[in-house]
Amino acid sequence: MAAKFSSDSPSFAPRLNLIGGEWRKASTGKTFDDINPVRSAGFQPAGSLGLTGPAGSQRSIGRFPLSTEADVDAAVRAASEAFKTWRKVPAPQRGAILRRCADALAAEKEELARLMAREMGKTLIEARGDVQEAIDCANLYAGFSRTFGGQTLPSELPDKFAMSVRKPLGVCGQITPWNFPIAIPSWKAFPALLCGNTVILKPAEDSPACASAFGRVLMSAGVPAGVFNVVHGEGEVAGAALVNHPGVAAISFTGSSETGKIIAENCGRQLKRCSLELGGKNAQIVMDDADLNLALEGAVWGAFATAGQRCTATSRLILHEKIYDRFLRRFIDAAKALRLGDPLDAKTQIGPLVNAAQLERVENYIRIGIEEGATLRLGGRRARGRGLNAGHFFEPTIFTDVTPSMRIAREEIFGPVCAVMSFKRVDEAVSILNGTRYGLSSSIYTRDVNAAFRAMRELEAGITYINGPTIGAEVHLPFGGVKETGNGHREAGAAVLDFYSEWQSVYVDYSGKLQRAQIDT
Ligand code: ADP
């Protein structure tokens, strides 16, 4: 099927909520602005009251509904109604719809990627990857649809049959960030739908258009009305209403640790199932025997792709002292050569930060690093130059003389900032890598297989790459982290199916008499 729409047109990403298969305004009629980060430096989002450029204009992608509790309630009612029939659709048929979602996303991949680049600023090549991840994800869970299920097990008693079956939870709330605006909603939605749940997505305020476009594509692929819903708005209002609604069975959240803790507390009070994917402070170790060209490419990609705005970004580089000087020099040169610019330009390697608040946060960490005594070796300021002045661009930044106790070595910055440290022995490198409250992604470059396997055993991280950068997860493996990166759940792969389903153990006694387990055995 050829793409029918252009991402510039409002119908490509309806600026409305998707509730029960209908596109609706917020019940109050209020809206917020979706700001283009390439052209909006100094532009204050005006919400429903101020002025904005027309949709598709340089600085505004459009205005989206500022939803309240009433809109969330309408979505919960629609999703609960749809659940009554969706839960009974045979899983292979649900899988067939997911397969059509994959095809529909593939048909619109380029336009979706362009919208994403414009809306949140990742480069086109990365935006295509984001959409591809959603396609892979839809195909993965479509594939599972004929094999996922429970177990048959022997009973300890004669003439008795024992099995476990998966059942859906009901309405699942999904609260997502802006940095993977189609991939993350897809990781959450497709396995939830496969398991027979219905979904309400509350996307980030910085990427509503991608979420609406995702919803439209799912509808066009045959996802029935009410099975997938989108409610736009602020986290503290629409997001909180979703978390607190008694009709929502589970919340899957990706975002900051601060917000994750609030959500977990609110879910805890209701004994609501809750999956959290939170921050990271990922590191790449480079051993003295590593292929340094490969390690350099990995470090540059890991630290600066998506301008460092990935939860798996390489924000620490831990170098063996023997290669420290050589490697650092090359790392600085490579970072300096990166080309900042409009993400829609194919030559651009780094786009802008997503918004003014993010820019201020990164600047604040530069101040903190300098105050703590780290040496700023590259960048550390807003990027200036042709095509950059109007956007939230920040120069690739490298700190040296960093100690593991400094805040820039422990806290998530979410920008193009890398803290470089050195080590003598591998156990020292491992302890530096492990020395944060997070544990998402980790990487080690070495040619020594023994060192690689020891690192695999010792690194406190949900994801470890040997001779690869800290970024680059694939959808069929579990994704998530240890310590304060999450609360023990995993997304993606087969692992997430346990989050989105409830186990039911079924015993069928065909002996015709009372048989007592543990007593009549
Ligand atoms: P970041 O933008 O740094 O990832 P957040 O963790 O605040 O920050 O945002 C991730 C998502 O969580 C967004 O969709 C946001 O609207 C939502 N959110 C923010 N605060 C809350 C809250 N109190 N309850 C529910 N959702 C929230």
Side-chain angles (χ1 to χ4, degrees), residues 17 26 32-35 37 45 47 64-69 71-72 75-76 119-122 172-185 187-189 199-212 214-215 229-245 248 250-270 272 274-281 306-313 315 352-362 364-365 392 411-415 438 440 481 484-487 491:
N17 289 334
F32 66 96
D33 282 311
D34 181 15
I35 311 298
F64 284 80
L66 198 57
S67 309
T68 61
E69 226 170 280
D71 304 299
V72 170
V76 175
E119 184 176 47
M120 54 64 69
K122 68 169 72 175
C172 292
Q174 312 193 325
I175 301 176
T176 54
W178 44 264
N179 64 336
F180 281 86
I182 291 194
I184 292 180
W187 287 9
K188 295 185 188 301
V199 168
I200 301 171
L201 169 66
K202 204 305 280 174
E205 297 88 317
D206 284 304
S207 57
C210 283
S212 268
F214 182 65
N229 307 273
V230 183
V231 179
H232 296 287
E234 293 172 332
E236 293 80 358
V237 181
L242 195 57
V243 170
N244 293 323
H245 199 296
V248 173
I251 293 287
S252 177
F253 169 78
T254 300
S256 64
S257 293
E258 293 67 33
T259 304
K261 285 177 186 173
I262 297 170
I263 290 178
E265 268 180 48
N266 290 334
C267 286
R269 261 195 295 280
Q270 306 162 77
K272 189 172 283 188
C274 166
S275 167
L276 305 173
E277 286 304 334
L278 310 175
K281 187 70 187 174
T306 327
Q309 303 171 106
R310 294 191 184 210
C311 46
T312 54
S315 56
L353 298 183
V354 73
N355 58 33
Q358 197 57 31
L359 199 59
E360 277 164 27
R361 178 192 163 100
V362 173
N364 193 36
Y365 272 107
H392 303 306
E411 297 176 16
E412 185 173 50
I413 299 174
F414 231 59
Y438 299 113
L440 182 54
E484 287 195 28
T485 289
N487 61 344
E491 300 214 78

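Just follow the structure's listing: the first ligand is 1, and inside any ligand the first atom is 1. Positions are given from 1 along the sequence. Not measured: the values here are computed from a predicted model.
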For [atom], grab the closest protein heavy atom and report residue, atom and distance to one decimal in Å.
atom                    : result
atom 7 (O) of ligand 1  : Thr259 OG1, 3.0 Å
atom 3 (O) of ligand 1  : Ser256 CB, 4.1 Å
atom 13 (C) of ligand 1 : Thr176 O, 3.4 Å
atom 17 (C) of ligand 1 : Ile175 CG2, 3.5 Å
atom 18 (N) of ligand 1 : Gly235 CA, 3.3 Å

Distance-only N or O hit between ligand 1 and Thr254, under 3.5 Å: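 Min N/O separation from ligand 1 is not below 3.5 Å for Thr254.
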Heteroatom distance test (Glu234, ligand 1): nitrogen or oxygen, under 3.5 angstrom: no
Taking only heavy atoms of [X], which atoms of ligand 1 are found under 4.0 Å from at least one of them?
X      : result
Trp178 : 2 (O)
Pro203 : 14 (O)
Glu205 : 13 (C), 15 (C), 16 (O)
Gly255 : 4 (O), 6 (O)

Ligand 1 versus Glu258: contacting region, heavy-atom distance under 4.0 Å: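 No part of Glu258 is near ligand 1 at this cut-off.
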Thr306 vs Asn179, side-chain hydrogen bond (donor to acceptor under 3.5 Å, both in side chains): CA-CA, chis, key distance, verdict: CA-CA 8 Å; Thr306 327; Asn179 64 336; over 6 Å; no
Lys202/Glu205 ion pair, N-O < 4.0 Å: yes
Worked check of side-chain hydrogen bond (donor to acceptor under 3.5 Å, both in side chains) between Asn355 and Asp206: CA-CA 8 Å; Asn355 58 33; Asp206 284 304; 2.8 Å; yes
Atom 9 (O) of ligand 1 touched by protein heavy atom at under 4.0 Å: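 Given the 4.0 Å cut-off, atom 9 (O) of ligand 1 does not count as touching protein heavy atoms.
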Aromatic plane relationship, Phe414 with Trp178 - under 30° parallel, 30 to 60° tilted, over 60° perpendicular: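 Taking Phe414 first and then Trp178, their aromatic rings stand perpendicular (interplane angle over 60°).
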Flag side-chain contact, heavy atom, 4.5 Å: [X] against [Y]:
X      : Y      : value
Val72  : Ile200 : no
Pro208 : Glu119 : yes
Gln358 : His392 : no

Exceeds 12 heavy-atom contacts within 6.0 angstrom, atom CD of Glu411: yes
Contact with ligand 1 for Ala238, non-hydrogen, under 4.0 angstrom: no
Under 3.5 Å side-chain donor-acceptor pair for Arg269 and Asn266: yes
